[in-house]
Amino acid sequence: MAPGPDLLLQMYAGMLRVRLFEERVRELFANGRLPGFLHTSIGQEACAVGACAALRADDYVLSTHRGHGHLIAKGGALRGLMAELYGKANGVCHGKGGSMHLADASVNYLGANGVLAAGCVLAPGVGLSIKRRGSAQVVVTFFGDGAANRGPFHEGVNLAAVWTLPVVFFCENNRWASSTASSLSAAGGSIAARAAGYGIPGETVDGNDVLAVWEATTRAVLRARRGEGPSLIEARTIRWVGHFEGDAQAYRTKAEVEEGRRTDPLARLGRLLEARQLLDAAHAGRIRAGVVAEIDDAVAHAETSPLPAPQDALADLFASYPWSR
Amino acid sequence: MGDALNLALREEMRRDPRVYCIGEDIVLGLPFGVTKGLVDEFGPERVLNAPISEAAIVGSAMGAAVTGLVPVVDMHFADFVTCAMDEVVNQIAKSRYMFGGQLDCPLTLRMPYGIGRSGGGHHSNSVEAWFVNTPGLKVCIPSTPADARGLLKTAIRDPDPVLVFEHRGLYRVTGEVPEAETPVPLGAADVKRPGRDVTVIATARMVHASLEAARRLAEEGVEVEVVDPRSLVPLDREALALSVRRTHRAVIAEEGPMRASVGAWLAWVIMEDCFDDLDAPIVRVAAPDVPIPFSPPLEGFVTPDADDVVAAVRQTLK
């Protein structure tokens, strides 16, 4: 089981899209263009892209507070996402969600989440409706190493396992739950090993190797499609930046960030493509130019889009509502 | 009322194959018999006995609801919703609004609640105020079998999340249920007893306590009007105001604790809508601000009853 040349190039462009998008939003945030809090996934692109490349368009994704990459990898339009980060009226959630609380139903991205491990209990329900339809879809729920210490992770894995639901629990272990080291907060030393307690496959992969991520996710997805139930994947990765934009990162060493850059998942895939003669400097330049143009377009679109009318704060609460206070 | 709720579940499950029930011990119909026998008609695929995992029960219901199913969650005891508070308050309540209206979340949470039979601190609480205070949820609270059936049917058909508070002391209350399927709309109060002197706005078990109080006060020549809001979100403000404008006096009776409660909010609603019509201050009946105790005399002491309503009505007539 190995991805063909087209998929490899697609994953390369996908990772580059996430990387450059995140770098751009950092810049926009630093320049005061984006309100709120911002959590970027720079360094973790192989997780989002490798996992989503194993999915069909009609599969579902549940995400986290660090979710831009998951949406982009799932095929979400950059315009709607960027406009949402700007808080504009034509953002994908009309400015109601923002970075941490946005969904894009058009690509079955059922939501970033401000609450850790929240997706772990939503996912079994998505799996239940898939099972009822017999549609052989799959739902992937992303969460971090910190979230794996919350009750909903355990409740969700147990329910999906006991009901044999088509769920892939995908843990992006980036070593840090905000500023607390995984080694100081997660007992047992392995999130994947927790799968054994629930009688489901658990696998640890190098989260900076997009091929390894793709392969592990593909195995889990195929198992789910066959009706054999959930799997747990722990992808070990490194976030290059702070927990949030503005995080001074006093809790970790420069060496770790340097390690992240040394194991850069994007450069690693680039080297592999070059070695297989699937990519040369000119081709890479064209891919990059295309991605930059997409991001430029999304920024220009967001910059020129209108802010929501203030009274729209009262819309969208219910499908229809006889308003009373 | 339990049988009426069971009937509503059967009718809606027959009507719509997307509807399913999920909860702890619901195959046997525990703890109050509302789901009894459903599994015989609809099978274990649609009557799901879940692990004792409230977060997963309620969270999975949302996951299912936003992807095409229509779950009806049995909370077993409403007190246990604390174990799924994030799922109700942060996930379900915000699913439509936060995502700009992209997702429907048609789910029903059945909330068996209330004081009675020495349930004790974790099995007696009236928690409806928490959810009235959470934008994005609809909340109804029936007092009769016909209303219970009609409101549960409406809740299940609603494209948004609805909580149905079922007072566990009312499951054995009897009453006429119409032959035809009669959904009761949300936001429609009902006058349970007409009267010209004092309006008592009461919910669930307190409707029955208020009717008892009204019978006793009628012997003294005081005609009490008992108005049951039936749903709290949305609230039928007009019906409440209409009654108070005629009687000029209002009592608000609930079973929950006094402080920052549904009754406190309803008192403000009446003040805002009817201030100039009131001939006396609004009087409230509610439980004291303590957890619900176990021992019968203690439990009895904190349980609002018909005597409390009688005293409150008299106070408005002073």
Side-chain angles (χ1 to χ4, degrees), chain A residues 60 62 84 91-98 101-106 108 110-111 113-115 117-133 137 139 141 150-152 154-160 162-163 165 167 312-313 315-325, chain B residues 17-18 20 22 45-46 48 50-69 71 83-84 86-87 90-91 93-107 135-138 158-161 185-187 233-238 265 268-269 272:
Chain A
Y60 295 97
L62 287 154
E84 186 64 26
V92 66
C93 302
H94 310 310
K96 295 262 177 51
H101 312 95
L102 64 84
D104 186 346
S106 70
N108 281 354
L110 296 176
N113 216 300
V115 178
C120 291
V121 286
L122 303 182
V126 179
L128 197 63
S129 74
I130 291 168
K131 197 172 179 180
R132 180 72 64 76
R133 279 195 298 278
Q137 290 160 286
V139 53
T141 182
R150 283 206 68 230
H154 295 279
E155 289 197 18
V157 172
N158 181 60
L159 187 66
V162 78
W163 286 352
L165 298 172
V167 182
D312 286 349
D316 291 329
L317 188 64
F318 293 124
S320 62
Y321 187 58
W323 275 100
S324 61
R325 277 176 291 173
Chain B
R18 299 172 306 160
Y20 73 95
I22 181 169
E45 297 282 296
R46 295 180 67 194
L48 298 170
I52 300 173
S53 303
E54 287 81 5
I57 291 169
V58 177
S60 73
M62 169 170 159
V66 299
T67 56
L69 295 182
C83 302
D86 176 62
E87 287 67 31
N90 273 321
Q91 311 299 331
K94 291 168 184 158
S95 60
R96 181 185 297 282
Y97 182 87
M98 201 166 75
F99 301 147
Q102 294 179 80
L103 299 175
D104 277 346
C105 189
L107 70 81
L137 302 173
K138 298 176 182 176
D158 199 283
D160 290 307
L186 299 177
V233 184
L235 178 70
D236 188 352
R237 289 179 70 137
E238 278 175 36
W265 167 60
W268 171 81
V269 167
E272 188 172 75

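Computed over heavy atoms, backbone and side chain alike; hydrogens, waters and symmetry mates excluded. Every chain is numbered from 1 and lettered A, B, ... according to where its sequence line falls, protein lines coming before strand lines.
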Top contributor to chain A interface from C83(B), G100(B), P71(B) [non-hydrogen pairs under 4.5 Å]: G100(B)

Can you tell which of Q102(B), Q91(B), R46(B), E238(B) has the highest number of heavy-atom pairs within less than 4.5 Å of chain A? Q102(B)

Checking [X] against chain B: side chain, backbone, both or neither under 4.5 Å from a heavy atom?
X: V92(A); value: both
X: A105(A); value: both
X: A313(A); value: both
X: L110(A); value: both
X: N113(A); value: side chain

Distance in Å, M98(B) CE paired with C93(A) SG, rounded so as to fall on 0.5 Å steps: 8.0 Å

Who among A160(A), G95(A), G125(A) has the most heavy-atom pairs with chain B under 4.5 Å? G125(A)

E84(A), K131(A), H94(A): which one forms the most heavy-atom pairs within less than 4.5 Å of chain B? H94(A)

Tell me if a side-chain donor or acceptor on K138(B) pairs with a main-chain N or O of G187(B) at a distance below 3.5 Å. no

Taking R132(A) for the side chain and R18(B) for the main chain, is one N or O donor matched with an acceptor at less than 3.5 Å? no

Mind listing the side-chain donor-acceptor pairs of residues 50-68 of chain B below 3.5 Å, one per line with the distance, residues two or more places apart or on another chain?
residue : atom : partner : partner atom : Å
S60(B)  : OG   : A56(B)  : O            : 2.7
S60(B)  : OG   : I57(B)  : O            : 3.1
T67(B)  : OG1  : S129(A) : OG           : 2.5
T67(B)  : OG1  : G63(B)  : O            : 2.8
T67(B)  : OG1  : A64(B)  : O            : 3.3

Beyond-backbone contact of V139(A) with L62(A), side-chain heavy atoms, under 4.5 angstrom: yes

Which residues pass the side chain to side chain donor-acceptor pair (under 3.5 Å) test with K94(B), sequence neighbours left out? N90(B)

P17(B), part contacting chain A, at a heavy-atom distance under 4.5 Å: backbone

R96(B)/D104(B) ion pair, N-O < 4.0 Å: yes

